[in-house]
> 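Sharing a structure with you now.
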Amino acid sequence: MKLWTQAHLATLTGESGWGLLEHGALVSEGEHLLWVGALDQLPHELATQIDTQQDLGGALVTPGLIDAHTHLVYGGLRANEFEQRLQGASYEDIAKAGGGIRSTVTATRAASEAQLYDAAAKRLQALLNEGVTTVEIKSGYGLSLDAELACLRVAQRLGTALNVDVRKTYLGAHAVPPEFAGRADAYVDAVCGWMAALQQQGLVDAVDAFCEGIGFTVAQTRRVFETARGLGLPVKLHAEQLSDLGGTQLACEFGALSCDHLEYLSPAGVQALAGSGSVATLLPGAYYFLRETKLPPIQALREAGVPMAIATDHNPGTSPALSLLLMINMACTLFRLTPEEAVRGATINAARALGLKDRGQLQAGQRADFCVWDAAHPNELAYFLGRNPLLLAVRGGQIRTTRM
């Protein structure tokens with residue numbers, strides 16, 4: 001057993017509040033927390049079993065950060081499209097001209113698995129350096145069985161090599177690849193047909209789709225979700241980013257873990273989320289990078305009690321963001337979340353968005369995933385721009401990143 005002492009804890013237990021505790025301590029054994037509380041309340045029976053001890057110097061301790069929506073594995077970059085958008089081209093214009101997701105598919109297919117790994121490892125390390133202990137990585141830039149396999153294998157390898165919990169999401173229904181041009185329904189058949197093979201290799205934790213005018217229709221998305229349900233796989237959805245197709249209602253019908261983006265979410269969609277328990281994952285990086293003006297209905301989500309997660313949405317075209325701390329700030333400045341809502345969005349609610357119940361809060365029974373910060377209060381995680389206050393990151397009871 002290990003005792004972590006002199007911790008200023010922000011436990012985030014309960015549905016609201018920071019759960020602050022001065023002069024706190026944590027006891028971990030193996031990968032889990034056995035006890036969390038004030039040091040002077042440490043039970044005698046635990047105190048007598050402590051093997052090692054670490055003084056955290058009164059620093060702030062929060063749950064480990066969780067990035068619940070990324071596309072970290074891909075080939076190439078799309079900085080040229082950034083310039084095009086600055087000159088007035090829309091996301092839809094670029095996609096219709098052969099850019100967008102399809103250009104990344106071409107680069108991804110041309111890259112070797114080793115090249116994909118090397119590039120993605122550098123991106124992931126940037127997230128880990130700011131306290132991310134769990135990350136979701138989607139496929140969706142291969143769009144063929146072999147290329148999707150390669151991307152998901154890379155995601156799996158990243159978790160092992162970089163000592164981070166990687167949740168792998170199959171996003172075959174991301175775009176229609178060139179060989180299926182004009183045959184979207186046939187491509188959906190292929191996406192559904194590949195799913196079992198990917199699952200059998202242990203490469204799929206959840207299934208996602210891009211339900212949008214430049215993506216897939218509600219009917220096509222339903223077919224993907226029905227296949228996932230038949231295999232016992234949970235679903236997620238890119239929904240209502242550019243228009244309101246009602247994808248959120250469909251996703252909630254299937255008990256989706258989360259619906260993501262949601263700028264054009266309707267009142268009916270809000271109510272569907274409230275009734276389903278699905279998480280609304282907000283992606284301020286994409287909103288900022290695309291210079292969008294349509295805000296997600298934050299107040300309606302808040303009033304309906306819908307849990308809100310925050311993620312980087314790292315991808316080469318619409319959110320090349322590699323700082324979850326910056327996304328926490330953007331969630332406050334752009335979407336008007338409170339600092340507490342934003343930090344919860346990158347911890348406990350992000351865990352919910354991945355279907356994980358064993359992390360995101362500091363309490364007995366949870367994984368010993370936590371961060372130690374050079375900060376006096378957790379609201380500082382939402383306050384600073386360009387400052388990394390991380391002192392120590394612990395995953396499964398083991399120190400993984402340290403600046404102390």
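Because the structure is a prediction, the values reported are computed rather than measured.
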> Quick one, I298 and E341 - any side-chain contact, counting heavy atoms below 4.5 Å?
no

> I'd like to know if the side chain of N329 and the backbone of A382 have a donor-acceptor N/O pair within less than 3.5 Å.
yes

> Please give me the minimum heavy-atom distance between P307 and V279, naming the atom from each residue.
O-CG1, 3.5 Å

> Please answer whether the main-chain N or O of M1 pairs with a side-chain N or O of D51 as donor and acceptor at a distance below 3.5 Å.
yes

> Look up atom CH2 in W373 and atom CG in L390, then write down how far apart they are to the nearest 0.5 Å.
5.0 Å

> For side-chain hydrogen bond (donor to acceptor under 3.5 Å, both in side chains), just list the numbers for Q299 and R302, CA-CA rounded to whole Å, side-chain angles, deciding distance to a tenth of an Å, and then say yes or no.
CA-CA 5 Å; Q299 186 58 30; R302 186 183 283 134; 2.6 Å; yes

> Using modelled atom types only, decide if a donor and an acceptor are shared between the side chain of E148 and the backbone of G142 within a distance under 3.5 Å.
yes

> List the steps and the verdict of side chain to side chain contact (heavy atoms under 4.5 Å, CB included) for L72 and L127.
CA-CA 11 Å; L72 283 171; L127 295 175; 4.1 Å; yes

> Can you tell me if D260 and S258 form a side-chain donor-acceptor pair at under 3.5 Å?
yes

> If you measure from SG on C211 to CZ on F225, what distance do you get to the nearest 0.5 Å?
8.0 Å

> Please say whether the positively charged group of R85, taken as NZ for Lys or CZ for Arg, lies over the ring of F289, i.e. under 6.0 angstrom from the six-membered ring centre and within 45 degrees of the axis.
no

> So which atom in A350 and which in A68 form the shortest heavy-atom distance, rounded to 0.1 Å?
O-CB, 3.7 Å

> Does the pair E113/R157 count as a salt bridge with the N-to-O cut at 4.0 Å?
no

> I'd like to know if the side chain of Q241 and the backbone of E212 have a donor-acceptor N/O pair within less than 3.5 Å.
no

> Aromatic rings H261 and H238: how do their planes relate, parallel, tilted or perpendicular, breaks at 30° and 60°?
tilted

> Ignoring hydrogens and angles, tell me if any N or O in the side chain of H8 forms a donor-acceptor pair with the backbone of A376 under 3.5 Å.
yes

> Distance check, rounded to the nearest 0.5 Å: K138 atom NZ versus K236 atom NZ?
5.0 Å

> In the structure I gave you, are the side-chain heavy atoms of V176 and F216 within less than 4.5 Å of one another anywhere?
yes

> For A155 versus K168, what's the shortest heavy-atom pair and its separation?
CB-CG, 4.2 Å

> Using side-chain heavy atoms (C-beta onward) and a distance below 4.5 Å, is L231 in contact with V207?
no

> Using a distance-only test with no angle check, is there a side-chain donor-acceptor pair under 3.5 angstrom linking Q249 and E253?
no

> Just by distance, do the side chain of Y287 and the backbone of A331 share a donor-acceptor pair under 3.5 Å?
no

> Determine, stepwise, if the pair L158 / V164 fulfils side chain to side chain contact (heavy atoms under 4.5 Å, CB included).
CA-CA 8 Å; L158 286 167; V164 59; 5.9 Å; no

> For the side chain of T312 and the backbone of L324, is there at least one donor-acceptor N/O pair under 3.5 Å apart?
no

> Has E81 got a side-chain atom pairing as donor or acceptor with G99's backbone, closer than 3.5 angstrom?
no

> CG/L354 to CZ/R167 distance, rounded to the nearest 0.5 angstrom?
7.0 Å

> When you look at I328 and V343, which way does the side chain to side chain contact (heavy atoms under 4.5 Å, CB included) test go after all the steps?
CA-CA 7 Å; I328 290 171; V343 172; 4.3 Å; yes

> Within the 3.5 Å criterion, strictly below it, is a donor on E240 or T248 matched to an acceptor on the partner's side chain?
yes

> Mind listing the closest non-hydrogen atom pair of A121 and L162 along with its distance?
O-CD2, 3.8 Å

> Among T347, T134, T133, find the residue that satisfies the side chain to side chain donor-acceptor pair (under 3.5 Å) test when tested with R359.
T134

> What distance do L149 atom CG and L198 atom CG have between them, rounded to the nearest 0.5 Å?
5.0 Å

> Look at atom CZ of F180 and say whether more than 12 heavy atoms of other residues, nucleotides or ligands are closer to it than 6.0 Å.
yes

> Is it the case that atom CD in E179 sees more than 12 heavy atoms from other parts of the structure closer than 6.0 Å?
yes

> Can you spot which of R395, R400, Q398 makes a side chain to side chain donor-acceptor pair (under 3.5 Å) with N163?
R395

> So, D185 versus Q220: side-chain donor-acceptor pair below 3.5 Å or not?
yes

> Is there a side-chain contact between F254 and R222 in this structure, where contact means two heavy atoms from C-beta onward sitting under 4.5 Å apart?
yes

> Judged by atom type as modelled, is there a donor-acceptor pair below 3.5 Å linking the side chain of Q41 to the main-chain atoms of A38?
no

> Between V204 and Q199, what is the shortest heavy-atom contact and its length?
CG2-N, 4.0 Å

> Would you mind checking if E15 and R352 are paired as a salt bridge, meaning a charged N to carboxylate O distance below 4.0 Å?
yes

> Hey, are R387 and D374 close enough for a salt bridge, meaning a charged N less than 4.0 Å from a carboxylate O?
yes

> Is the Y74-H314 ring centre distance short of 6.0 angstrom?
yes

> As an exercise, state the distance from CG of L171 to CG of L237, rounded to the nearest 0.5 Å.
9.5 Å

> For the residue pair L86 and R291, what are the closest heavy atoms and their distance?
CA-NH2, 3.9 Å

> Checking the side chain of E263 only, and the main-chain atoms of P296 only, is there a donor and an acceptor separated by less than 3.5 Å?
no

> Carefully, step by step, assess D369 and D165 under the rule side chain to side chain contact (heavy atoms under 4.5 Å, CB included).
CA-CA 10 Å; D369 292 356; D165 191 354; 5.9 Å; no

> Please tabulate, one pair per line, all N/O donor-acceptor pairs under 3.5 Å involving side-chain atoms of residues 16-36, not counting sequence neighbours.
from	atom 1	to	atom 2	distance (Å)
S28	OG	W4	NE1	3.0
E31	OE1	R367	NH1	3.2

